[in-house]
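Below: one structure, written as structure tokens.
Order of the sequence lines fixes the chain letters, A, B, ..., with proteins taken first and strands second; residue numbering starts at 1 for each chain.
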Amino acid sequence: MTSISNLASMRRMVEQLKLEASVERMKVSQAAAELQQYCLQNAGRDALLVGVPTGSNPFREPRSCTVV
Amino acid sequence: MCDQTFVAATFGPCESCDKASPLMNIYIKTEAINYCSFCVEKMACQGLQAGESLASLKRESESLKKKLDEERNKLNDVELNKVAEKVEVLSALAIKTRRVLKGHNNKVLNMDWCKDKRRMVSSSQEHGVSLPCTWVMACAYAPSGCAVACGGLDNRCSVFPLSMDPNENLAAKRKAVAMHTNYVSGCTFTNSDMQLLTSSGDGTCALWDVESGQLLQSFHGHTADVLSLDLAPSETGNTFVSGGCDKKANVWDMRSGQNIQSFESHQSDINCVKYYPSGDAFASASDDGTCRFYDLRADREVAVYEKDSVIFGASSVDFSLSGRLLFAGYNDYTINVWDVLKGSRVAALFGHENRISRVRVSPDGTALCSASWDNTLRVWA
């Protein structure tokens, strides 16, 4: 690698780090609370989590799949 | 500024400003410099800024990295699983294999669900839809359900319009869209059938216009092969996340090509990245045997899903509809189901006879499909 392109890539790395350092951050406690809230709000609709009444899940009936 | 005309032998990303443009091939003391004309002028006129040198830039980058870590740690006031302690423990899941799909004659490498929740496309290590290459590593369904995109070792990603006519020669209608300088590892349509996002072994991701095949935006920043990408779920969202062999997961702005956030905590290649359904977080699966969960607003890793007994690399992850469950496929032929909030494993799904290459939850969340090197796909519900 030439010394000039090393310099260019170092400059770019420093610019990128400056950008990343300036990102606005939220406290983990608040972010975690919001993630948890999303899970709980949508848990009722999650068929893999709570299961659906047998009869309404098309995959639970014994049928075969075809290659289109 | 007056127009310059000069003979350009090469076209590509300028080594100084990184924009794709005609490059001036000049030599400085026998070393080749490939800059665009604007940067050559800048270099000739400005030279180094006062006091700047490789060493000083290095020092600055070290101190910035430290500052970044400090800022992130300041906000790490509590762990995710502590916050989730009050949440009820999950009862045993009743997930079993409901279908085994045996249409392939070779390893199944990838699959994707159609938005109609009943069809899927899968790709394999063979000539399925007559791609002129052996490993088709990336495949995706278009949002309308009328086309699929696939790519792999041919360095390209092609779009095939679909038809229900079994006699139709799909290969004839194929449209080559993306062109990389190394294998295509992942692809996805953006919110419409008109744009395709690809990730490649050449270390870049790229956004293409399907109709014209034109490169709309390229994303540089990874220092090794990019193995996976995922689009943010929101309708208005313009970001995506990518993970690669440099152990980094990067979040990008699609319009500017800018790398907005970067996470490096895995100890080996990241094989798969997937957004949490709300779009505020994402998970990654790695050859180091762990899956990790990163929150975008807290800008840090908030959970690690690992177990001493799990030593094989994880190849693929996907969330259930509510985001409470994380399904991860491993090279030891199993799928582990993790409780995202509490960090514990709730179930292990057995059945495949070779490593899992891909797991995907259906768009309505009723089923999970896993693709494996044992030549089959399994649907679990």
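A:Arg12 CZ to B:Cys17 SG: the interatomic distance, rounded to the nearest 0.5 Å, is 8.5 Å. In this structure, OG in A:Ser29 is found 12.0 Å from CD in B:Glu79, a value given to the nearest 0.5 Å. In this structure, A:Met26 CE and B:Leu296 CG are separated by 10.5 Å, a value rounded to the nearest 0.5 Å. Residue B:Arg72 holds its CZ atom at 6.5 Å from CD of A:Glu20, rounded to the nearest 0.5 Å. To the nearest 0.5 Å, atom NZ of residue A:Lys27 and atom CG of residue B:Asp295 are 14.5 Å apart. Atom OG of residue B:Ser56 and atom CE of residue A:Met10 lie 8.5 Å apart, to the nearest 0.5 angstrom.
Neither the backbone nor the side chain of B:Asn34 comes within less than 4.5 Å of any heavy atom in chain A. Looking at B:Gln258, the atoms closer than 4.5 Å to chain A (heavy atoms on both sides) all sit in the side chain, from C-beta outward. Interface residue B:Leu90: only side-chain heavy atoms are found under 4.5 Å from chain A. With a 4.5 Å cut-off on non-hydrogen atoms, B:Val83 touches chain A through its backbone and its side chain both. Neither the backbone nor the side chain of B:Val346 has a heavy atom closer than 4.5 Å to any heavy atom of chain A. Only the side chain of A:Gln16 comes within less than 4.5 Å of a heavy atom in chain B; its backbone stays farther off. For B:Lys74, no part lies under 4.5 angstrom from a heavy atom of chain A. Only the side chain of A:Val23 comes within contact range of chain B, with heavy atoms under 4.5 Å apart. Using a 4.5 Å cut-off between heavy atoms, B:Phe319 does not touch chain A at all.
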Verdict with supporting geometry, B:Val87 and A:Gln36, side-chain contact (heavy atoms from CB on, under 4.5 Å): CA-CA 9 Å; B:Val87 177; A:Gln36 187 177 303; 3.4 Å; yes
Criterion side-chain contact (heavy atoms from CB on, under 4.5 Å) on A:Val28 and B:Leu80, from CA distance to verdict: CA-CA 8 Å; A:Val28 174; B:Leu80 175 62; 5.7 Å; no
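The closest donor-acceptor contact from the side chain of A:Asp46 to the backbone of B:Ser322 lies under 3.5 Å.
Looking at residues two or more places apart in sequence or on another chain, you find a side-chain hydrogen bond (donor to acceptor under 3.5 Å, both in side chains) between A:Arg45 and A:Asn42.
When B:Leu368, B:Val337, B:Asp18, B:Val302 are compared by the number of non-hydrogen pairs under 4.5 Å with chain A, B:Asp18 comes out ahead. Of the listed residues (A:Leu40, A:Leu17, A:Leu48), the one with the most heavy-atom contacts under 4.5 Å to chain B is A:Leu48. Counting heavy-atom pairs under 4.5 Å between each of B:Gly221, B:Pro277, B:Ser91 and chain A puts B:Pro277 at the top.
Nearest heavy atom pair, residue A:Leu35 against residue B:Phe293, reads CD1-CE2, 3.7 Å. A pairwise comparison of heavy atoms in B:Leu68 and A:Ala21 identifies CD1-CA, 3.4 Å as the closest pair.
With B:Arg297 as the fixed residue, the side-chain contact (heavy atoms from CB on, under 4.5 Å) test singles out one of A:Glu24, A:Arg25, A:Glu34: A:Glu34.
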